[in-house]
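Worksheet for the structure shown next.
So you know, we letter chains A, B, ... as the sequences are listed, proteins then strands, and number each from 1.
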There are 2 protein chains.
Amino acid sequence: MSYSVSEVAKMMNVSTYTIRYYDKEGLFPMVKRVNGIRVFEDKDFPWLRMLNCLKNLNLPIKKIKEYVDLAVRGDETLKERYQLILEQEENIQKQIQELQYYKKQIDFKKAYYEKAIEVGTEEAVKDWPNPAATLDVDEVPD
Amino acid sequence: MSYSVSEVAKMMNVSTYTIRYYDKEGLFPMVKRVNGIRVFEDKDFPWLRMLNCLKNLNLPIKKIKEYVDLAVRGDETLKERYQLILEQEENIQKQIQELQYYKKQIDFKKAYYEKAIEVGTEEAVKDWPNPAATLDVDEVPD
DNA sequence: TCTTGACCTAGAGTTAACTCTAACTTTCAA
DNA sequence: TTGAAAGTTAGAGTTAACTCTAGGTCAAGA
């Protein structure tokens with residue numbers, strides 16, 4: 001099967017502009033052209049999935065491009081690509097921990113507003129102790 | 001205790017430019033001035049923590065400003081602020097699920113590269129089945 | 001054949017969130 | 001009291017990631 005820019009855009013939940021922009025930035029070095037028109041194929045899907053993943057992990061396009069460039073160079077860069085994957089594993093772990101930390105704050109505020117709404121004024125809860133003593137999650141132990 | 005812009009910047013892990021930019025955008029309507037100089041106080045910390053939280057949940061500054069404006073209006077907006085908090089609770093939940101989904105992809109790639117490095121070439125693993133059949137996490141059931 | 005819609009490019013425009021500069025004021029230790 | 005460090009403002013500049021426009025090509029159905 002082969003797929004047009006607009007089909008791939010739909011699959012990735014982005015605009016056709018974005019797909020062409022990614023190509024301009026060199027993120028699709030493997031995509032075939034027929035009469036100048038981009039033709040995506042099933043064999044390109046593993047990379048589309050990976051791109052979608054890295055994009056949603058908030059990797060900047062330049063960093064994604066680095067990964068593409070390594071992949072293009074082939075087997076000699078396997079270890080470097082593995083390294084990049086390990087970094088992403090850590091990245092995900094850190095992001096999940098952060099979210100769990102901020103969840104505590106939000107849960108606190110939720111209870112806070114529930115009480116405030118119940119009694120009709122924020123005054124009653126203004127001095128409730130906040131579960132997080134610091135401003136930044138980096139300062140939080142383990 | 002009172003704190004200068006640079007002290008607050010340090011606490012929030014941002015530059016002094018950023019603190020002044022946030023103030024310019026109206027995110028610190030409560031901050032005192034002494035001879036024109038900003039003076040943050042302990043009573044401002046709950047809001048600094050909340051700001052830090054919303055910022056790290058990737059809320060745009062305009063949205064954070066909306067929350068500030070509600071807070072300034074006082075008790076009449078308690079329900080609206082509660083609503084915003086509920087949205088953030090969902091937001092966090094969705095983000096954690098997404099990360100767990102992408103973690104699967106990364107774990108797959110990790111095993112993929114481990115094998116490829118072991119045998120010395122990617123060819124051996126090129127056709128390994130990917131655990132995620134779709135491109136976008138939105139399409140994933142439950 | 002002709003029109004419609006999807007494709008192409010180069011390059012300009014937009015937006016968010018900073019980031020910095022210039023010119024000035026305030027604070028504080030020596 | 002004076003010089004450095006840190007504060008102030010308005011407004012310009014930067015960067016990433018799109019987003020769009022203009023001007024063109026191409027394939028397919030009426």
Protein-proximity profile, nucleotides 19-24 of chain D, B/S/- by nucleotide at the 4.0 Å heavy-atom cutoff, equals BBB---
A:Leu84/A:Glu80 under side chain to side chain contact (heavy atoms under 4.5 Å, CB included): CA gap, chis, key distance, verdict: CA-CA 6 Å; A:Leu84 199 143; A:Glu80 285 167 85; over 6 Å; no
Determine whether B:Arg38 and B:Arg33 satisfy the following criterion, side chain to side chain contact (heavy atoms under 4.5 Å, CB included), listing intermediate values before the conclusion. CA-CA 5 Å; B:Arg38 291 173 189 84; B:Arg33 297 278 187 140; 3.4 Å; yes
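Residue-level contact check: A:Val14 touches neither bases nor backbone, having no heavy atom under 4.0 Å from any strand.
The shortest non-hydrogen separation linking A:Ser2 to A:Glu41 is CB-CG, 4.4 Å.
Counting to the nearest Å, the C1' atom of D:dG11 and the CD atom of B:Glu25 are 13 Å from each other. Taking atom CG of B:Leu59 as the reference point, atom C1' of C:dA17 lies 14 Å away to the nearest angstrom. The distance from atom CZ of B:Phe40 to atom C1' of D:dA6 is 15 Å, rounded to the nearest whole Å. Whole-Å rounding puts the B:Lys32 NZ to D:dG7 C1' distance at 16 Å. Put simply, NZ on A:Lys65 is 16 Å from C1' on D:dA16, counting in whole angstrom units. The interatomic distance linking A:Leu51 (CG) with D:dA17 (C1') rounds to 13 Å, in whole Å. Rounded to whole angstrom, the span from the CG atom of A:Leu27 across to the C1' atom of D:dA16 amounts to 13 Å. Taking atom CG on B:Asn58 and atom C1' on C:dA17, their separation rounds to 12 Å, with Å as the unit.
Using a 4.5 Å cut-off between side-chain heavy atoms of Ile, Leu, Val, Met, Phe, Trp and Tyr, with links allowed through other members, A:Ile117 and B:Met50 fall into the same hydrophobic cluster.
Remark: B:Ser4 is in phosphate contact with D:dG7, judged by side-chain N or O atoms under 4.0 Å from OP1 or OP2. Residue A:Arg33 has no polar side-chain atom (N or O) positioned under 4.0 Å from OP1 or OP2 of D:dT25. The phosphate of D:dT9 has neither OP1 nor OP2 within less than 4.0 Å of any side-chain N or O from B:Arg20. Dashed line: the shortest gap from a side-chain N or O of B:Asn35 to OP1 or OP2 of D:dT8 is not under 4.0 Å.
Heavy-atom contacts from other residues, nucleotides or ligands closer than 6.0 Å to NZ of A:Lys43 number more than 12.
Residues forming a side chain to side chain contact (heavy atoms under 4.5 Å, CB included) with B:Gln95 (at least two apart in sequence, or on another chain): A:Leu99, B:Asn58, B:Asn91.
Counting only distance, with no hydrogens or angles, the side chain of A:Asn52 and the backbone of A:Leu48 share no donor-acceptor pair below 3.5 Å.
With C:dT27, D:dC18, C:dC8 as the candidates, the nucleotide lying closest to the side chain of A:Ile61 is D:dC18.
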